[in-house]
Chemist: 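Supplied in C-alpha cells, the structure appears directly below.
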Number of protein chains: 2
Amino acid sequence: MERSRTAYVILGILAFEDHQSGYDIRKTVECSVGYFWGESYGQIYPTLKRLVAEGLIKPSPPSATARTKRQLYCITPAGRQCLQGWLAMPYRDDPPRDEFLLKLFFGQEAAPGVSIAHLRTFQAKNRRWLATLLDLEKLARANNSTQPGFPFWMLTLSFGLAQLRSAIDWSESALAMLAAAESSAPWQLPGAEGSSQG
Amino acid sequence: MERSRTAYVILGILAFEDHQSGYDIRKTVECSVGYFWGESYGQIYPTLKRLVAEGLIKPSPPSATARTKRQLYCITPAGRQCLQGWLAMPYRDDPPRDEFLLKLFFGQEAAPGVSIAHLRTFQAKNRRWLATLLDLEKLARANNSTQPGFPFWMLTLSFGLAQLRSAIDWSESALAMLAAAESSAPWQLPGAEGSSQG
DNA sequence: ACACACATGTAATTGGTTACATGATTTC
DNA sequence: GAAATCATGTAACCAATTACATGTGTGT
C-alpha cells in the first residue's frame, strides 16, 4: 500500500492547483515545499503515468487557448481520497543525515581551519535560505492569502524561519568559539605537520 | 574518490576510539552522532572488509584479556589521512526530506484533526529527543570532557539542542493556532462528509 | 535555418534499508 | 542444555539521483 511518496507529492500539488504538467509540478514543488522536499524528473514522469493508470489523476484535455502540446494533469476524486488516506497515516521519520554536522563532529581530526570553513559555508547557506523564505513569505501573503491552504503553508514557512534563525544564531557562537580556540591553542593533530601558523 | 560516507563514519569513529567491532561501531554511532546520522549493519560490515582491503583500517589482534571472538578493528595512518582528506572537502547537502512538514503543508486536504495529531506526535518526539540530548550532555561532560574532540562534540550537541528547542516552541504556537482555527471554523473538505461535530 | 530554452522521458547506477540466516556467548 | 541475547554477515529490494537522449516551441 505504501508507495513512493512522489505519488503523494504530485497528488498534493494537483489537489490545490490542477492542470499542471510534469515540468510545472517540479517547479511548483521547488518553490513551495522546496525547503524540505525535492523531486526529480526521473521520479515525476514515471509516477505520473502510474497515477493515470491507477485512475488517481487524469490527463486534462488541452484547453482552447493552449498553444503547446504539453500534457497537463488533474486530480480525480479517487486521487483526492488516496491523498487524504495517506495524510491521515502517521508520518515516517526519514533516517537523519547531515554531513555538515558529521564533519563538524569529527573536527578534531581535521586540519586547522577546516571546521571554521565549513561553518562559514553553513552560515552563508542558511542566510541565503532565510532570505529566500522571507521573499516567499512576502509573495505568498500578497498573492495567496485567500487560498484555503494558506494557514498550513504559513505554518511550514514559519517552521523553516524559526529553524534557520536558530541555526544562524548557533553558527555565530560556534564560529566565535572555534576562532577563539584556534588563536589561543592551535591544537596538535595526530598525523598532521604542525606548521601552519595560527 | 568520493565513496559511501559509511566509510568515513567508520574511520571517524575509530579515529577517536580504536579496537571496536562492527557491532560496537554501530552502537557508538547511535549514541554519538545518532541525532543526525545513522548506519545499518548491512552497510557497516561490507564496508569494514573493504576498508581492510584498502589498508585504511586493520583487524586488531585479540588482546590477552579478551574472551570473545569478536573481530575488532583499528585505524591505520593511511586511514587517518583519508579521513582528514574527506573532512577537508566541502560537505554536501543531502536532498531535504521531511514527511512531517510535507503532510502539514497539505493539511488543507486532510480530514479534521489529522494535522493536529501529527503536530502532537512531532512535539512528543522532539521533547523525547531533547531529553535524550540533555542526558547525553550530562554524561559527556562527566566522562569525556578531557577528550580532545570534546569541544566539537559539544558544538554538534548544542546545535541539536537549539534546533529542538526552536522546533518545540514552534510546535506550541502551531498547535494553538490549529486548535483555535478548528474550533472556530471547522472548514469544509472537498470530498469529505462534513459530519464530525466540533 | 539555426540556436536555445522548454519539456518529456528512460536507463544506469547507487546508496541505503530490510529481512533473513547463522554462529557465538551468556544465563538460567 | 535450552533460551535469550549478542554479533556477524548476506541477499533482495527500493527509492531516488544522474546522466543521457530526444522532441518541441520560439526567437533571430
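We name chains A, B, ... by the order of the sequence lines, and we start the count at 1 in each one. Remember, predicted model here, so these are calculated numbers, not experimental data.
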Chemist: Can you list the residues that meet the side chain to side chain contact (heavy atoms under 4.5 Å, CB included) rule with B:Thr121, with sequence neighbours excluded?
Modeler: A:Tyr91, B:Lys125
Chemist: What is the separation between atom CD1 on B:Ile10 and atom P on D:dT8, rounded to the nearest whole Å?
Modeler: 12 Å
Chemist: Please name all residues satisfying salt bridge (charged side-chain N to carboxylate O under 4.0 Å, His left out) with A:Glu172, sequence neighbours left out, ordered by chain then number.
Modeler: A:Arg127
Chemist: Polar atoms only, N or O, under 3.5 Å: list the protein pairs with nucleotides 16-18 of chain D and their distances.
Modeler:
{"unit_1": "D:dA16", "atom_1": "OP1", "unit_2": "A:Arg5", "atom_2": "NH2", "d": "3.4"}
{"unit_1": "D:dA16", "atom_1": "OP2", "unit_2": "A:Ser4", "atom_2": "OG", "d": "2.8"}
{"unit_1": "D:dA16", "atom_1": "OP2", "unit_2": "A:Gln43", "atom_2": "NE2", "d": "3.1"}
{"unit_1": "D:dA16", "atom_1": "O5'", "unit_2": "A:Gln43", "atom_2": "NE2", "d": "3.4"}
{"unit_1": "D:dT17", "atom_1": "OP1", "unit_2": "B:Arg97", "atom_2": "NH2", "d": "3.4"}
{"unit_1": "D:dT17", "atom_1": "OP2", "unit_2": "A:Ser40", "atom_2": "OG", "d": "2.6"}

Chemist: Report yes if at least one side-chain N or O of B:Tyr45 is closer than 4.0 Å to OP1 or OP2 of D:dT8; otherwise report no.
Modeler: yes
Chemist: Using whole Å, what does the distance between atom C1' of nucleotide C:dT25 and atom CD of B:Gln71 come to?
Modeler: 17 Å
Chemist: Taking NZ from A:Lys49 and C1' from C:dA7, how many angstroms apart are they, rounded to a whole number?
Modeler: 13 Å
Chemist: Tell me, please, which residues at least two apart from B:Asp18 pass side chain to side chain contact (heavy atoms under 4.5 Å, CB included).
Modeler: B:Leu14, B:Cys74, B:Ile75
Chemist: Please report, rounded to the nearest Å, how far the P atom of D:dT26 is from the CZ atom of A:Arg70.
Modeler: 11 Å
Chemist: Please state how far atom CZ in B:Arg26 lies from atom C1' in C:dT18, giving the value in whole angstrom units.
Modeler: 12 Å
Chemist: Using the six-membered ring wherever Trp is involved, compare the ring planes of A:Phe159 and B:Trp170 and label them parallel, tilted or perpendicular (cut-offs 30° and 60°).
Modeler: perpendicular
Chemist: How long is the line joining CD1 of A:Ile44 and P of D:dA15, in whole Å?
Modeler: 16 Å
Chemist: Restricting to side chain to side chain contact (heavy atoms under 4.5 Å, CB included), what partner residues turn up for A:Tyr41, sequence neighbours left out?
Modeler: A:Tyr23, A:Arg26, A:Tyr45
Chemist: Once you round it to whole Å, what is the distance between C1' of D:dC6 and CG of B:Leu72?
Modeler: 14 Å
Chemist: Does anything in residues 33-53 of chain A form a salt bridge (Lys or Arg N to Asp or Glu O under 4.0 Å)? List the pairs, not counting sequence neighbours.
Modeler: A:Arg50-A:Glu54
Chemist: In this structure, how many angstroms lie between the P atom of D:dT5 and the OH atom of B:Tyr23, rounded?
Modeler: 11 Å
